[in-house]
Amino acid sequence: MNHFTIEGPLNEWIVLFHGTGGNEYSLLQIAGDIEPSAHVLSFLGDVDEGANRRFFAPLKAGTFDRADFDARIDAFLKDWPQLRPEQATRITFMGFSNGANFVLGLLEKEPAIADRVVLLHPSNLAYTFTEGSNAQIIVTSGAMDTLALPGDTMKLTKQLEAVFPNTTLKLLDGAHGMTEQEITYLQDTLR
């Protein structure tokens with residue numbers, strides 16, 4: 001999976017996973033708003049859906065291709081030990097939509113992969129969390145989101161809370177997109 005890094009003076013890392021139609025630059029501004037001095041490691045999804053990039057195959061007629069999803073999660077986890085910053089004092093994984101769903105797949109298999117996890121507008125795709133960690137998990141949802149329904153996001157949050165005790169959900173005004181209110185919330189919560 002293609003990626004790039006931006007060096008920062010703090011030994012803190014923010015690892016980014018964009019949403020469908022985004023790219024490795026899509027979440028840079030938000031990462032900078034949260035911690036402008038952090039190192040950034042940003043990934044580009046390697047699945048094409050027309051002109052859009054994703055981290056795993058799109059749903060077909062509402063059906064989730066779990067085999068494709070698991071294969072892509074396993075491939076990332078195989079490469080992660082070589083990419084993981086050895087001396088990082090804190091690692092934050094942040095994903096939006098498809099990227100958030102990909103991060104949830106990582107949490108299924110490696111619940112302690114990051115110190116903090118920010119899931120921006122994730123979908124509830126029948127994940128199974130058998131183990132958790134003390135990682136801080138922040139989930140956001142838009143009250144008018146028609147792609148990642150807020151009710152489903154609430155159910156997902158309850159499932160996460162069962163094994164990740166430091167999980168919080170923030171329901172915001174808006175639809176399936178980032179708002180200034182959401183960025184301000186993340187700044188206040190993550191600083």
Side-chain angles (χ1 to χ4, degrees), residues 1-47 53-56 69-122 127 129-140 156-157 160-161 163-168 170 178 182-191:
M1 189 180 303
N2 289 335
H3 61 276
F4 76 92
T5 59
I6 298 174
E7 301 295 319
L10 283 184
N11 203 13
E12 177 176 335
W13 286 75
I14 301 177
V15 183
L16 303 175
F17 301 86
H18 64 81
T20 299
N23 59 38
E24 65 270 45
Y25 308 107
S26 298
L27 298 176
L28 289 180
Q29 181 65 49
I30 296 167
D33 289 341
I34 292 168
E35 183 44 78
S37 298
H39 293 268
V40 173
L41 173 59
S42 187
F43 288 92
L44 176 64
D46 53 8
V47 176
R53 302 294 289 226
R54 299 173 50 90
F55 289 96
F56 57 91
F69 183 74
D70 285 340
R72 294 180 187 282
I73 294 295
D74 291 342
F76 180 90
L77 291 174
K78 181 180 175 193
D79 293 340
W80 178 243
Q82 290 77 41
L83 297 171
R84 186 186 190 285
E86 295 275 333
Q87 305 302 320
T89 55
R90 181 166 54 193
I91 297 175
T92 301
F93 273 39
M94 179 185 300
F96 174 74
S97 191
N98 180 255
N101 300 335
F102 188 77
V103 173
L104 283 161
L106 298 174
L107 287 176
E108 281 183 308
K109 296 187 177 190
E110 293 289 338
I113 196 164
D115 303 297
R116 302 186 307 188
V117 175
V118 180
L119 303 167
L120 307 168
H121 303 263
Y127 304 101
F129 304 103
T130 55
E131 295 180 40
S133 72
N134 287 323
Q136 179 185 12
I137 312 284
I138 297 168
V139 184
T140 66
L156 172 63
T157 302
L160 285 164
E161 287 173 340
V163 290
F164 295 95
N166 297 319
T167 298
T168 58
K170 180 67 172 177
M178 296 296 295
E182 194 163 355
I183 292 169
T184 300
Y185 168 74
L186 294 174
Q187 287 174 318
D188 293 344
T189 304
L190 294 171
R191 282 199 177 156

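Bear in mind that the values here come from a model prediction, so they are computed numbers and not experimental data.
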message = I'd like to check Leu119 versus Leu104 (side-chain heavy atoms, cut-off strictly below 4.5 Å). Are they in contact?
response = yes

query = Is Thr140 reaching over with its side chain to a backbone N or O of Lys170, donor-acceptor style, under 3.5 angstrom?
reply = no

request  = Nearest 0.5 Å please: distance from the CG atom of Asp70 over to the CZ atom of Phe56.
outcome  = 11.0 Å

task = Can you spot which of Asn101, Val103, Thr157 makes a side chain to side chain contact (heavy atoms under 4.5 Å, CB included) with Pro122?
result = Asn101

Point-to-point distance, once rounded to the nearest 0.5 Å, from OG1 of Thr168 to CD1 of Ile137 = 9.0 Å

message = Any heavy-atom pair between the side chains of Ile91 and Arg84 that's under 4.5 Å?
response = yes

inquiry  = Quick one, Val163 and Thr130 - any side-chain contact, counting heavy atoms below 4.5 Å?
reply    = no

request  = With sequence neighbours excluded, tell me which residues meet salt bridge (Lys or Arg N to Asp or Glu O under 4.0 Å) with Asp74.
outcome  = Lys109

message = Quick check: do Asp79 and Met1 have side-chain heavy atoms less than 4.5 Å from each other?
response = no

inquiry  = Using the side-chain contact (heavy atoms from CB on, under 4.5 Å) criterion, which residues pair with Glu7? Sequence neighbours excluded.
reply    = Thr5, His39

Test log, rule ring pair (Phe, Tyr, Trp, His ring centres under 6.0 Å), inputs Trp80 and Phe93 = CA-CA 13 Å; Trp80 178 243; Phe93 273 39; 5.3 Å; yes

ask   = Can you tell me how far CD1 of Ile6 sits from OG of Ser42, rounded to the nearest 0.5 angstrom?
value = 7.5 Å

task = Fit a plane to each ring of Phe102 and Phe17, take the angle between them on a 0 to 90° scale, and name the class: parallel (under 30°), tilted (30 to 60°) or perpendicular (over 60°).
result = tilted

note = When every non-hydrogen atom of Gly95 is compared with those of Ala100, the smallest separation belongs to O-CB, 3.2 Å

request  = Please list, chain by chain and in numerical order, all residues satisfying ring-ring contact (aromatic ring centres under 6.0 Å, His included) with Tyr25, sequence neighbours excluded.
outcome  = Phe4

message = Tell me whether Gln136 contacts the main-chain N or O of Val117 through its side chain, where contact means a donor paired with an acceptor under 3.5 Å.
response = no

ask   = What residue among Ile34, Val118, Ile138 forms side chain to side chain contact (heavy atoms under 4.5 Å, CB included) with Thr189?
value = Ile138

query = Where the side chain of Asn166 meets the backbone of Asn134, is there a donor-acceptor pair that is under 3.5 Å apart?
reply = yes

task = Would you give the length of the straight line joining atom CG of Asp115 to atom OG1 of Thr89, rounded to the nearest 0.5 angstrom?
result = 8.0 Å

message = As an exercise, state the distance from CG of Leu160 to CG of Leu107, rounded to the nearest 0.5 Å.
response = 7.0 Å

inquiry  = Test your reading of the model: is there a side-chain donor-acceptor pair from Arg53 to the backbone of Asn23, 3.5 Å cut-off?
reply    = no

query = Testing Ile30, Thr92, Leu28 for side chain to side chain contact (heavy atoms under 4.5 Å, CB included) with Leu16, which one passes?
reply = Leu28

request  = Can you sort out the partners of His18 under ring-ring contact (aromatic ring centres under 6.0 Å, His included), two or more places apart, ordered by chain and number?
outcome  = Phe55

message = Quick check with a 6.0 Å cut-off and a 45 degree axis cone: is Arg72 positioned over the face of Phe69's six-membered ring?
response = no

request  = Applying ring-ring contact (aromatic ring centres under 6.0 Å, His included), name anything that partners Phe164, two or more places apart in sequence or on another chain.
outcome  = none

key: Contact list for residues 90-104, test salt bridge (Lys or Arg N to Asp or Glu O under 4.0 Å), sequence neighbours left out   = Glu12-Arg90

ask   = Do the side chains of Leu41 and Phe43 get nearer than 4.5 Å, heavy atoms only?
value = yes

request  = Please say whether more than 12 non-hydrogen atoms of neighbouring residues, nucleotides or ligands are located less than 6.0 Å from CD in Glu131.
outcome  = no

query = Should we say atom CD of Gln82 is surrounded by more than 12 heavy atoms from elsewhere, each under 6.0 Å from it?
reply = yes

task = Say whether, by atom type as modelled, one donor and one acceptor occur between the side chain of Arg54 and the main chain of Asn98 under 3.5 angstrom.
result = no

message = Measuring only between side-chain heavy atoms, which start at C-beta, is Met94 closer than 4.5 Å to Leu120?
response = yes

ask   = If only atom types and distance count, is the side chain of Glu110 paired as donor or acceptor with the main-chain N or O of Ala112 below 3.5 Å?
value = no

